[in-house]
Chemist: 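Just dropping this structure here.
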Amino acid sequence: MEKTHSCGELRETNVGEKVVLMGWVAKKRDFGVFTFIDLRDRDGITQIVVSEETDREAHTKAKLLRGEFVVAVIGEVFSRSEGTHNSKLATGDIEVHASEILILNDAKTLPFELEKAGSQNLASEDLRLKYRYLDLRRPQLAHNIRMRARAVKEIRNYMDNLGFTEIETPILLKSTPEGARDFIVPSRIHTSKFFALPQSPQILKQICMISGLDKYYQIARCFRDEDLRADRQPEFTQLDVEISFANQETIYRIIEGMFQSVLRLIDVELPAQFPRMTYAEALRRFGSDKPDLRFEMELVDLSESFKNTDFAPFAAVLENKGEIKAIVVKGKADYSRKVTDDLQEFVKRYGASGLAWIKLGDELNSSLLKVLGEAKISELATTAKAEKGDAVLIVAGKKSVAAAALGALRIEVAKRENLIDRNAYKPLLVTEFPMFEHNDETGNYDAAHHPFTSPMDEDLEMFRTAIEDETQHELLGKVRAKAYDAVINGYECAGGSIRIHQKEIQALNFKALGLSPEVARARFGFFLDALEYGTPPHGGFAAGIERTCMILCGTENIRDVMAFPKTASAQDLMMDSPGDVDVSQLKELGIKIVE
RNA sequence: GGAGUCGUAGUUCAGUUGGUUAGAACGCCAGCCUGUCACGUUGGAGGUCGCGGGUUCGAGUCCCGUCGGCUCCGCCA
């Protein structure tokens, strides 16, 4: 027997047809002499009616059904009678009158209800993760997984239409100590040696450019052994792209076009050209290199206004080249002490020492009123462009701290006050990322993007000077790279760069990063060799598939767009991984567990 | 590595100042029910209060430790 239709497709036009449906019992409503069954499959739900009067045998079977039994229903499509249509179901204008019911399989009572009636409360996430196969029966989650498949298909079409070639690169690579921690895989044949799983196929795609393959892309699984976040898992998928003879503009067009075609899946039309902002501007205006542009509330710099005031902590901040910045929260002069206390706790997580505030209510109020006086507070409020009824939230600290704290506070307040338009999609290209980040622990400069990123032509001179002249080393912090991110709604959805294709610049860069020629050769020798055989200028990007899908699905959690995600402590609760291995396996690999 | 938060019936939660037999809703089981779609209705079963220790005449409640989920900081070239 074969099913004739899915549970989501029957309509008024099918009335009178004999059909066979197969699916799960989502719900049974028993009325004694007849019984309603909501039959669910991947496509939807169809109401089955079984009557004792007309179909005695089927009705007896229907009585036996329990939740999540798997059944086949043979019956006829009927139009629902007046007043019994269900507008909540796509199939709500019809119902199937069953003449025969086959129980294909029974099911234990589920450990949790798939969707709770009367409340939005889903079962706790650890329980749902343990029984992921049941959670995936939820239409919402199933929809997300299918949306992801459509997005990947759309991406493949798009890349293919642009003439890109999908190339698979190895999963078993070699460990390179830069960047994230590697997941390593022991080699049985070469005892005491290890493969590493790719953090990204970065070097391999660049080698494809040296090969002359050009226009490479891959839907690449990447692995990073770092702690998780709501938008980060230890394994994730990137659209990885590289192209030769390209400059930033070429790549921006590819990124823009890619996100445009993907967002069309949810009927959103992104602008042909994304707005652009330099890294420096993003940090100055939004305190973040991935600003959410769905709402305003930009940072205001009050450092100038605080000069020559005698509030010691703020004076010290300015003395040490710090900043005093603020956001204005519209109409929130009525923020209570508790709210500002909560927000103060919030900014402290980002290293801020406190949160000062001004409330422009009926009376002027401020945490700084006593120290600065009413006139100065008014002046500050005016400088911040705050109006009557507004609250001004002020953070003073190191530039990086003030930016991080206020950048995060801006998002936090927007969430609290519901300032974010859930139907808005605001893309942005952030450009001119710094080439290096100062590492406060080692005192060295690390690659901000990766060690193959090209400096901006304008900063090449500074780059050379900083490396060749020991006394000018800190200039490295000012060198900008041909590196960029694509940001949508505050999520870093893609990032990339133009790469270095000349070996002497690459050598300079290794020197800047404190890698001796010997060490660089040991780690990247094969790549440095390759660079010497006619490397075309090239560049590319990688886009996070999960983050893109989070935007498509309107979720803030990466687990909602992965079929089998791991918990925050990097475990799979369904298969209980990671797990022990047999001693014999370890022996074969020459591995001994210590402790 | 650190911080916050949660953990009570199968599930989601409530549980007063530490005090009798730990409750509700949903789910589950059994019965009744001719138009439901959150069906209704009658009855029933169901508890290691995450785990361990402590304080106390007495602990779901207080203290210490520990485990787990989530979120954040660090980390994520």
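Heavy atoms only: backbone and side chains are in, while hydrogens, waters and symmetry mates are out.
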Chemist: Considering every strand and a 4.0 Å limit on heavy-atom distances, what is the contact class for Q47(A): base, sugar-phosphate, or nothing?
Modeler: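 Base: the residue Q47(A), judged by heavy atoms under 4.0 Å, touches a nucleobase.
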
Chemist: Have a look at R349(A) and say if it touches a base, only the backbone sugar-phosphate, or nothing, with a 4.0 Å heavy-atom cut-off.
Modeler: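 Here R349(A) touches the backbone only, sparing every base.
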
Chemist: Is the ring centre of F112(A) under 5.5 Å from the base ring centre of U11(B), and are the two planes under 30° apart, so that they stack?
Modeler: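 Here F112(A) fails the 5.5 Å or the 30° condition.
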
Chemist: May I ask you to say what S200(A) touches in the nucleic acid, namely base, sugar-phosphate or nothing, with a heavy-atom cut-off under 4.0 Å?
Modeler: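 Counting heavy atoms under 4.0 Å across all strands, the contact made by S200(A) includes a base.
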
Chemist: Touch check for Y350(A), heavy atoms < 4.0 angstrom, all strands: base, sugar-phosphate only, or nothing?
Modeler: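 If one applies the 4.0 Å heavy-atom cut-off, Y350(A) turns out to touch the sugar-phosphate alone, with no base involved.
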
Chemist: In whole Å, what separates the C1' atom of U55(B) from that of A59(B)?
Modeler: 10 Å

Chemist: So does K348(A) get a side-chain nitrogen or oxygen closer than 4.0 Å to the phosphate oxygens (OP1/OP2) of A3(B)?
Modeler: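 No.
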
Chemist: Side-chain donor-acceptor pair under 3.5 Å between N439(A) and D446(A), yes or no?
Modeler: yes

Chemist: Going by modelled atom types, is there a donor-acceptor pair between the base of G10(B) and the side chain of E113(A) at under 3.5 Å?
Modeler: yes

Chemist: Report which part of the nucleic acid L228(A) touches: base, sugar-phosphate, or nothing (heavy-atom distance under 4.0 Å, all strands).
Modeler: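 Nothing, no nucleic acid heavy atom in range.
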
Chemist: Test M550(A) against D231(A) for side chain to side chain contact (heavy atoms under 4.5 Å, CB included), laying out the working first.
Modeler: CA-CA 9 Å; M550(A) 284 165 67; D231(A) 64 348; 4.0 Å; yes

Chemist: Taking only the side-chain heavy atoms of L129(A) (C-beta and beyond), determine which of G27(B), C75(B), C70(B) contains the nearest atom.
Modeler: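 Within the option list, the nearest is C70(B).
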
Chemist: Base, sugar-phosphate alone, or nothing: which one does P111(A) contact when heavy atoms must sit under 4.0 Å apart?
Modeler: sugar-phosphate

Chemist: Let's test this: given Watson-Crick or G-U wobble pairing with both distances under 3.5 Å, identify the partner of G35(B).
Modeler: none

Chemist: Counting side-chain heavy atoms from CB outward, which of C37(B), G68(B), U12(B) is closest to A123(A)?
Modeler: U12(B)

Chemist: Show your working on side chain to side chain contact (heavy atoms under 4.5 Å, CB included) between Q218(A) and T237(A) and close with a plain yes or no.
Modeler: CA-CA 10 Å; Q218(A) 179 177 196; T237(A) 306; over 6 Å; no

Chemist: Please determine, for the side chain of N86(A), which listed nucleotide (C37(B), G69(B), G35(B)) has the closest atom?
Modeler: C37(B)

Chemist: State which of C70(B), G68(B), U12(B) makes the closest approach to the side chain of D126(A).
Modeler: G68(B)

Chemist: Under a 3.5 Å threshold, yes or no: a donor from one side chain and an acceptor from the other, between Q199(A) and D182(A)?
Modeler: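 D182(A) and Q199(A) do have a side-chain donor-acceptor pair below 3.5 Å.
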
Chemist: On the nucleotide A30(B), are OP1 or OP2 found under 4.0 Å from the side-chain N or O atoms that R66(A) carries?
Modeler: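 Checking A30(B) against R66(A), a side-chain N or O does come within under 4.0 Å of OP1 or OP2.
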
Chemist: Between A22(B) and U61(B), how far apart are the two P atoms, rounded to whole Å?
Modeler: 15 Å

Chemist: For the side chain of E226(A), starting at C-beta, report the closest nucleotide among C37(B), C76(B), G35(B).
Modeler: C76(B)

Chemist: Within the 4.0 Å heavy-atom criterion, would you say E53(A) contacts the bases, only the backbone, or no part of the nucleic acid?
Modeler: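 Base contact.
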
Chemist: Out of U36(B), G68(B), C76(B), which has the shortest distance to the side chain of R29(A)?
Modeler: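 Of the candidates, U36(B) comes closest.
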
Chemist: Would you say R224(A) places a side-chain N or O within less than 4.0 Å of OP1 or OP2 belonging to C75(B)?
Modeler: no

Chemist: Could you measure between the two P atoms, the one in C39(B) and the one in U8(B), and give it in whole Å?
Modeler: 26 Å

Chemist: Check the pair S200(A) / Q238(A) against side chain to side chain contact (heavy atoms under 4.5 Å, CB included), numbers first and verdict last.
Modeler: CA-CA 8 Å; S200(A) 86; Q238(A) 287 188 337; 4.0 Å; yes

Chemist: Please determine if D529(A) and K503(A) form a salt bridge, counting it only when a charged side-chain N lies under 4.0 Å from a carboxylate O.
Modeler: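 No, D529(A) and K503(A) are not salt-bridged.
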
Chemist: With 3.5 Å as the limit, what N/O pairs link the protein to nucleotides 5-9 of chain B?
Modeler:
none

Chemist: Using a heavy-atom cut-off of under 4.0 Å over every strand shown, decide if D227(A) touches base, sugar-phosphate, or nothing.
Modeler: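 Base contact.
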
Chemist: Could you check whether D30(A) gets within reach of a base, just the sugar-phosphate, or nothing at all, counting any heavy atom under 4.0 Å?
Modeler: base

Chemist: How is Q202(A) classified with respect to the nucleic acid when contacts are heavy atoms under 4.0 Å: base, sugar-phosphate, or nothing?
Modeler: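 Counting heavy atoms under 4.0 Å across all strands, the contact made by Q202(A) includes a base.
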
Chemist: Counting Watson-Crick and G-U wobble pairs only, both distances under 3.5 Å, name the nucleotide matched with G4(B), or none.
Modeler: C70(B)

Chemist: Give a yes/no on whether any side-chain N or O of S569(A) is located under 4.0 angstrom from OP1 or OP2 of G69(B).
Modeler: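 S569(A) to G69(B) OP1/OP2: side-chain N or O found under 4.0 Å.
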
Chemist: Can R410(A) be said to sit on top of F295(A)'s aromatic six-ring, NZ or CZ under 6.0 Å from centre and within 45° of the ring axis?
Modeler: yes

Chemist: Look at the rings of F452(A) and F510(A) and say which category their plane angle falls in: under 30° parallel, 30 to 60° tilted, over 60° perpendicular.
Modeler: perpendicular

Chemist: Would you indicate what E95(A) reaches in the nucleic acid, counting non-hydrogen atoms under 4.0 angstrom: base, sugar-phosphate, or nothing?
Modeler: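 Base contact.
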
Chemist: Suppose you measure atom C1' in A14(B) against the same atom in C33(B); what distance do you get, rounded to whole Å?
Modeler: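 That atom pair is separated by 33 Å.
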
Chemist: Can a side chain N or O of T109(A) be found less than 4.0 Å away from OP1 or OP2 on G27(B)?
Modeler: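 Looking at the OP1 and OP2 atoms of G27(B), neither is under 4.0 Å from any side-chain N or O of T109(A).
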
Chemist: Using a cut-off of less than 4.0 Å, is there contact between a side-chain N or O of K27(A) and OP1 or OP2 of C39(B)?
Modeler: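 Answer is yes, contact under 4.0 Å.
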
Chemist: I'd like to know if E125(A) pairs up with R559(A) as an ion pair, taking the criterion as any Lys NZ or Arg NE/NH1/NH2 lying under 4.0 Å from an Asp or Glu carboxylate oxygen.
Modeler: yes

Chemist: Does U71(B) have OP1 or OP2 sitting under 4.0 Å from an N or O in the side chain of R559(A)?
Modeler: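 Answer is yes, contact under 4.0 Å.
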
Chemist: Taking only side-chain N and O atoms of R80(A), does any of them lie within less than 4.0 angstrom of OP1 or OP2 on U36(B)?
Modeler: no

Chemist: Between T567(A) and G69(B), does any side-chain N or O lie under 4.0 Å from OP1 or OP2?
Modeler: yes

Chemist: Does D38(A) come within less than 4.0 Å of K27(A), counting only side-chain N to carboxylate O?
Modeler: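 No, this pair does not count.
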
